[in-house]
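Letters A, B, ... are given to chains in the order of the sequence lines, protein chains preceding strands, and every chain is numbered from 1.
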There are 2 protein chains.
Amino acid sequence: MKKDLRIIKTQESLRHALLSLLKTKSIETITIAELCRLAQINRGTFYLHYKDVHEVFKEYLDVIVEDLRKSYEEPYYKTNYKIKDITADMIKIFHHVKKYQDFYQIIFDERIPMMYYYLLFDTVRTFMRDSIEEGLLTSQPDLQVDYLISYQTNAILGILIEWHRQEYKTSIKELNMQLITIVSLHNPIRMHGND
Amino acid sequence: MKKDLRIIKTQESLRHALLSLLKTKSIETITIAELCRLAQINRGTFYLHYKDVHEVFKEYLDVIVEDLRKSYEEPYYKTNYKIKDITADMIKIFHHVKKYQDFYQIIFDERIPMMYYYLLFDTVRTFMRDSIEEGLLTSQPDLQVDYLISYQTNAILGILIEWHRQEYKTSIKELNMQLITIVSLHNPIRMHGND
DNA sequence: ACTTTTAATGAACACATGTTCAATAAGTTT
DNA sequence: AAACTTATTGAACATGTGTTCATTAAAAGT
């Protein structure tokens with residue numbers, strides 16, 4: 001059940017044209033008509049595959065997020081809920097964002113729809129869910145774990161927002177240090193024996 | 001230096017028309033032409049005041065966020081960086097979001113630009129900045145406080161995102177309890193003597 | 001009340017959007 | 001290779017976008 005070659009060709013042309021246009025102008029100023037002219041695709045054909053320019057961009061983002069997911073699956077030594085473990089995971093995210101900085105500058109732009117943010121949120125959220133220790137749930141029976149996970153996930157994204165606002169000038173090493181300091185503040189009892 | 005009455009009338013007409021349209025359709029489907037027809041405003045006049053439909057909506061949001069800011073300025077007993085203080089502040093935000101639920105359902109919608117999220121972020125962020133104890137900065141000289149504040153601010157917004165996704169079904173009382181539990185998890189040493 | 005200032009209007013323009021439909025061309029099956 | 005299936009095309013249409021400009025009308029200043 002392979003996909004029709006014509007579809008692949010059309011979508012590739014559009015993606016390629018979008019990347020080309022993004023080099024000189026912001027995604028918000030790129031029109032469907034303009035994109036189709038450059039890709040040499042009939043405008044009606046565009047609507048057979050996408051609703052707007054953002055949906056073409058989202059296909060790139062899916063690939064990028066998949067890369068993040070893969071980097072996360074790399075095995076490493078896991079112990080229970082410790083600062084070192086959490087930060088080790090989060091550092092991967094920092095590296096990832098830096099690697100695809102050009103894209104994340106778009107994702108965090110104020111004119112862009114929330115959907116991209118949520119895509120990142122949901123991805124990081126699955127990582128967070130996996131890092132919850134089992135003992136926590138039994139020791140805190142009243143805790144609705146979804147709230148905890150969203151809290152922790154968005155806290156990390158808060159770091160990324162701040163990094164974005166400071167135009168990615170902070171080095172990953174420095175960012176890493178800041179995160180460890182912040183998490184340590186919230187976990188003063190666990191300061192000893194780590195790092 | 002008062003504003004021209006005609007401007008006020010035009011803007012009020014447009015705001016009123018937008019509210020009316022929002023009762024039956026989503027903001028993303030409302031066109032400038034449609035808005036102007038209902039408001040009985042020439043479309044060219046619209047462009048003298050706004051760039052797009054979102055800018056009209058944003059005027060409402062400015063009022064709403066101002067309401068949040070005011071509620072926050074209510075004096076209450078402040079001690080140093082304790083769970084009770086933080087949660088007391090955050091509960092105000094929960095009440096505020098519930099009060100304007102219809103608006104926040106729009107703000108957290110995935111099709112909506114990030115600008116609204118950032119407006120809320122920046123507002124809550126100023127509250128967070130004010131609640132940082134002075135001793136912290138001297139005891140942690142290497143900490144870039146902007147990262148800490150953005151981390152904490154976005155963590156709270158993470159709770160709101162989760163609330164939104166659960167269609168605001170969680171009661172404020174329950175949400176409050178969840179927050180206290182979560183913050184307590186991160187501050188195990190301070191569990192005693194609070195609440 | 002009269003004058004000055006400026007906001008709102010309507011018409012026009014080029015271009016974008018979103019959709020339909022018959023004709024064509026390209027890919028897939030046999 | 002022929003028959004099929006279906007993606008793409010171009011044309012057309014109504015509507016929306018963003019801008020310009022002379023004209024009108026309403027508010028502000030005197």
Notebook entry, point to check: What do you reckon, are the aromatic ring centroids of B:Tyr50 and B:Phe46 less than 6.0 Å apart?
Noted result: yes
Check: Of the candidate nucleotides C:dG18, C:dA8, C:dA26, which contains the atom at the shortest distance from the side chain of A:Arg6?
Finding: C:dA26
Notebook entry, point to check: Just to confirm, is there a sub-4.0 Å distance from OP1 or OP2 of D:dG10 to any side-chain nitrogen or oxygen of A:Asn42?
Noted result: yes
Check: So which nucleotide from D:dT19, C:dG27, C:dT17 ends up closest to the side chain of A:Ile32?
Finding: C:dT17
Item checked: Given C:dA8, D:dG18, D:dT9, the nucleotide with the shortest approach to the side chain of B:Thr10 -> C:dA8
Next item on the list: Tell me whether the centres of the aromatic rings in B:Phe103 and B:Phe57 are closer together than 6.0 Å.
Entry: yes
Margin query: Once hydrogens and angles are ignored, does a donor-acceptor distance under 3.5 Å link the base of D:dG18 to the side chain of B:Arg43?
Written below: yes
Checklist line | Side chain of A:Leu5 - closest among D:dG16, C:dT28, C:dT9 | finding: C:dT28
Notebook entry, point to check: Atom CG of B:Leu48 to atom P of C:dT5: distance rounded to whole Å?
Noted result: 20 Å
Checklist line | Selected nucleotide, minimal atom distance to A:Asp4 side chain, candidates D:dT17, D:dA7, D:dA28 | finding: D:dA7
Check: Between atom NZ in A:Lys9 and atom P in C:dT28, what is the gap in whole Å?
Finding: 13 Å
Next item on the list: Taking the side chain as every heavy atom from C-beta outward, state whether A:Leu22 and A:Ile27 have any pair of such atoms under 4.5 Å apart.
Entry: yes
Next item on the list: May I ask you to verify if any side-chain N or O of A:His49 is less than 4.0 angstrom from the OP1 or OP2 atom of D:dA7?
Entry: no
Next item on the list: Using a 4.0 Å heavy-atom cut-off across all strands, classify B:Gln11 as base, sugar-phosphate, or nothing.
Entry: nothing
Note to self: Expressed as a whole number of angstroms, how long is the span from B:Asp52:CG to C:dT17:P?
What the structure shows: 15 Å
Check: Please give, in whole Å, the distance from D:dT9 P to A:Phe46 CZ?
Finding: 13 Å
Margin query: If the test is side chain to side chain contact (heavy atoms under 4.5 Å, CB included), which one of A:Leu185, A:Ile161, A:Ile182 qualifies with B:Tyr151?
Written below: A:Ile182
Note to self: Tell me if the aromatic rings of B:Tyr72 and B:His96 count as close, with their centers under 6.0 Å from one another.
What the structure shows: no
Margin query: What's the closest nucleotide to the side chain of B:Thr45 if the choices are C:dT17, D:dT8, C:dA8?
Written below: C:dA8
Item checked: Selected nucleotide, minimal atom distance to B:Ile7 side chain, candidates D:dT17, D:dA7, C:dA8 -> C:dA8
Next item on the list: May I have the distance from B:Ile30 (atom CD1) to C:dT17 (atom P), rounded to whole angstrom?
Entry: 20 Å
Notebook entry, point to check: In whole angstrom, what separates A:Lys51's NZ from C:dA16's C1'?
Noted result: 15 Å
